[in-house]
Amino acid sequence: MKANYLDELNEQQREAVIHINGPLMIVAGAGSGKTKVLTTRIAHLMQNGVDAFNILSLTFTNKAAREMKERVERILGGNEARNLYIGTFHSVFARLLRAEAHRLGYPNDFTIYDTDDAKSVLKTIINELNLDDKHYKPNFVYNRISAAKNSLMGPEEYQHDYYVQQEDMRANRPLIGKIYDMYAKRCFKNGAMDFDDLLFKMYVLLKSFPEVLHKYQHKFRYIMIDEYQDTNPAQYEIIKLLGAVHENICVVGDDAQSIYSFRGATIQNILQFEKDYDDARVVKLEQNYRSTKSILNVANEVIAHNKGQIEKNLWTDNADGDTIKLVRTMTDNEEGKFVADTIAEQKLRNHYDNRDFVILYRTNAQSRSFEESLRRKAIPYRIYGGVSFYQRKEIKDFVAYLRITMNTRDEESLKRIINYPVRGIGKTTIEKTVVFSNEHNITMWEVLERAKEFGFKGGTLEAIDGFVTMIRSFQAMLGKHNAYDISVNVGKSTNIVKELFNDKTTEGLARYENVQELLNSIKEFTETPDEEGELLDKSLGSYLQQITLLTDADQGGNEDSDVVKLMTIHAAKGLEFPVVFTVGLEETLFPSGMSINTREELEEERRLFYVAITRAKARLWLTYANSRYRFGNLVQNEPSRFLEEMPEKFIDRSYAGGGAIRNAFGGGGNGGGWGAGGGSNMFDKMQKKAPASPQNTQPRPAPKPTTGPASTHVPTPGFAPDDPAEMEPGMQVEHQKFGFGTIQSMEGAPNNRIATVVFPKGGGEKKIMLNYAKLRIVR
DNA sequence: TTCAGCACGGTTTTT
DNA sequence: CCGTGCTGAA
């Protein structure tokens, strides 16, 4: 143990760390050393005689949990830290449920359904009820059920809650309660829990079994919760139960960074804390150690536009630093190119490594243009998020075998693999099996086991028996072999590995590699030495329990490889980078068009913007594009309203081309001279202004906006851009996308000229930034 | 029973 | 634009 660990803290930090008994709330501004305080506090508790076995520390991401564990180990030295319970809400509760689930009638080796599994079950149910899945969209229904569970509302209550029923009636979807009920029963029958069940059932367990509650209340005598502003009512109630005896609850949060209300999180929890525990000590960490003054000032000013907040004053001793750069480009592709170019330039000019950069966006779909431009410049990068490794079809198929081996009740997995690889169990057979299982109230697996009884014969019976025998052979390995041995056997016996190997198409090759990677990861899991992870259990069940809770961001051990990182702002919470690009700052994109209907929604978007800004230590670029491709066609966007909320003093707008930019902010904030002429973006505006009626499926716009067939122009062979310096009004030019046009006028600084060009076939008048777009002089 | 070809619909954000 | 799901032919 480092003896001087208290010396490295400022006064407030120290105050938080040395508070041992009783409730404590730490309001921790961005970059104020929150993780340091939490980890030091754990060490301090242990130094003062608290047993590691009695400490529970909950985080939101596996990444945060891992980091916390590592840092505690570093402070403590030795190996006591391994006895701490540190993990995400979901993984910790999954682990506890794995010990207790039988009390609720679930197998202890219950399957964890990810979002896709859950939606698939919902879809089956919706079809069984003969409902139209275009009206009862699985996605919508799932969100509804998820919200109910996060508020601890079961199917019964849901169907009898007046307010909820009114909502569903108004949405013209009165049967959601019925679907919820069937869904819950189906999951139970399948021996499966979805993500929300891990919280919901945990609560039910503690509430229904006093002896269980008592056990864990005394085990977890000290509880710490990170990112408390992102907890939902279910999490809140569980914590309250667990902490009720000792009240040694320490929560850390920042109301300004609450960005998960869509997942049921409520900022109320943090505001409520002092009321729940009237002797609660509150400590505020207000000194920011991360960012320059410029960055922090901009952040503070932006967040000041939100109403209700906990009073605090975040300040820093750091240098002023560079101004924030605001950059406008014509298209999303140019935005990508600009960022890649700037990264290359900054690497040279300021000696940054790739790992110093992050590109942050609102939606995963935005990553594409950056990938392309980075690849073109040969800058290594890595995308976090998006389609997770474990969501790939080939991986899900393989994992389905492992799941069914552990839990034969799991119909979702059974249906996936019953005829994969093809073994002659077709649609008809599967349907019959489902019917028999419903008629006799047994699982599909049991029907298959007794196939002969149920009248299957000939080739079908043989196929079924072969399948059953194979799964049983996997099950026979369970007690004696670890997850890896079983998986290798699954790969061989099912022929999956060989089949993929023989597929020589590009996709086939990728799939083969993915399955190999899966096997490698299982191997790694089984071979990781005990002192590293808390999971001493190398069984298949233990492996399956954790992978479903793994995010893409958690994968791949090479955390510190030298690459540029790309991720959503949500995924970036808790991280910091020397250089940050926050991109796509446009209305309808950021703030998202889905979240501008209420003040609450908009304020959450603003907090998200705040999170993005405060990730930056030294340099920050904010970019937006005049137009971008969405669903394959070009749409125009106005600059994000957030950009107008920033103090001029710290912003360098001229970076993108002087007067023209300011122009855009000029006339009534409604994008002055920039838009491609004509009514092209009228449609967008009308849609935006239309009263929010999410329930009425909006008719597709029959006539496409006539922005002009931007992509139909084929550049003349040998198209090469000419030097912008040579261009002047009156010239005929060719643009790669917009075709031929005439330069009307020029503006902007000499090294960043902007031409107004009329393209008769390319959508009329456009402003072209010559440094980014390329024009060829025709004459 | 399977696979190819097309139509359609979908974009927040994550455990 | 891209992936999914449905339809129809072998």
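Throughout, protein chains are lettered first and strands after them, A, B, ... in sequence-line order, and every chain is numbered starting at 1. Reckoned from all heavy atoms, side chains included, excluding hydrogens, waters and symmetry mates.
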Exercise for review: Search all heavy atoms of A:Ile259 against all heavy atoms of A:His570 and return the closest pair with its distance.
Suggested key: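 Where A:Ile259 meets A:His570 most closely, the heavy atoms are O-NE2, 3.1 Å.
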How long is the line joining [atom1] of [X] and [atom2] of [N], in whole Å?
X        : N      : atom1 : atom2 : result
A:Tyr142 : B:dT12 : OH    : P     : 15 Å
A:Asp132 : B:dG9  : CG    : P     : 11 Å
A:Tyr384 : B:dT13 : OH    : C1'   : 19 Å
A:Asn597 : B:dT12 : CG    : C1'   : 13 Å
A:Tyr390 : B:dT14 : OH    : P     : 18 Å
A:Lys427 : B:dT2  : NZ    : P     : 11 Å
A:Asp194 : B:dT14 : CG    : C1'   : 14 Å
A:Asp133 : B:dG10 : CG    : P     : 10 Å

Review point. Below 4.0 angstrom from OP1 or OP2 of B:dT12, is there any side-chain N or O of A:Asn364?
Key: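 No, A:Asn364 has no side-chain N/O under 4.0 Å of OP1/OP2 on B:dT12.
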Review point. Any side-chain N or O of A:Thr428 less than 4.0 Å from the OP1 or OP2 oxygen of B:dT1?
Key: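 For B:dT1, OP1/OP2 do have a side-chain N/O of A:Thr428 under 4.0 Å.
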Closest to the [X] side chain: [options]?
X        : options                : result
A:Phe262 : B:dT13, B:dT15, B:dT12 : B:dT13
A:Thr568 : B:dT12, B:dT14, B:dT15 : B:dT14
A:Thr88  : B:dT14, B:dT15, B:dT13 : B:dT15
A:Lys137 : B:dG10, B:dT14, B:dT15 : B:dG10
A:Lys123 : B:dT1, C:dG5, B:dT12   : C:dG5

Contact class for [X] (heavy atom, under 4.0 Å): base, sugar-phosphate, or nothing?
X        : result
A:Ser595 : base
A:Asn419 : sugar-phosphate
A:Asn139 : sugar-phosphate
A:Phe590 : nothing
A:Phe60  : sugar-phosphate

Residue pair [X] / [Y], side-chain donor-acceptor N/O under 3.5 Å:
X        : Y        : result
A:Glu605 : A:Ser592 : no
A:Gln366 : A:Thr363 : yes
A:Ser640 : A:Glu586 : no
A:Thr588 : A:Asn637 : yes

Review point. Does the B:dT15 base have a donor-acceptor partner in the side chain of A:Thr115 within less than 3.5 Å?
Key: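 Counting by modelled atom types and ignoring angles, a donor-acceptor contact under 3.5 Å is found here.
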Review point. Parallel under 30°, tilted from 30 to 60°, perpendicular over 60°: which one fits the rings of A:Phe590 and A:Phe609?
Key: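 A:Phe590 vs A:Phe609 ring planes: perpendicular.
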Check your understanding: Parallel under 30°, tilted from 30 to 60°, perpendicular over 60°: which one fits the rings of A:Phe188 and A:Tyr106?
Key ->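 Rings of A:Phe188 and A:Tyr106: perpendicular, over 60°.
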Review point. What do you reckon, do A:Phe195 and the base of B:dT14 stack, with centroid distance below 5.5 Å and planes below 30°?
Key: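 It does not: the ring fails the test against the base of B:dT14.
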Exercise for review: Return the residues of residues 367-375 of chain A meeting this criterion: a heavy atom under 4.0 Å from some atom of DNA chain B. Order them by number, or give none.
Suggested key: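 By residue number: none to list.
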Check your understanding: Under the side-chain contact (heavy atoms from CB on, under 4.5 Å) criterion, do A:Leu198 and A:Phe110 qualify, and how do the steps go?
Key -> CA-CA 11 Å; A:Leu198 295 177; A:Phe110 61 90; 3.9 Å; yes
Check your understanding: Taking the nucleotide of DNA chain B with the closest heavy atom to each, which residue, A:Ile425 or A:Thr363, is nearer the 5' end?
Key ->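 This one resolves to A:Ile425.
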Exercise for review: Map A:Gly424 and A:Asp196 onto DNA chain B by nearest heavy atom, then report which one ends up closer to the 5' terminus.
Suggested key: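 Nearest nucleotide further toward 5': that of A:Gly424.
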**Study point:** Residues which pass salt bridge (charged side-chain N to carboxylate O under 4.0 Å, His left out) with A:Glu394, listed by chain and number, not counting sequence neighbours
**Key:**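 With neighbours one apart ignored, the set is empty.
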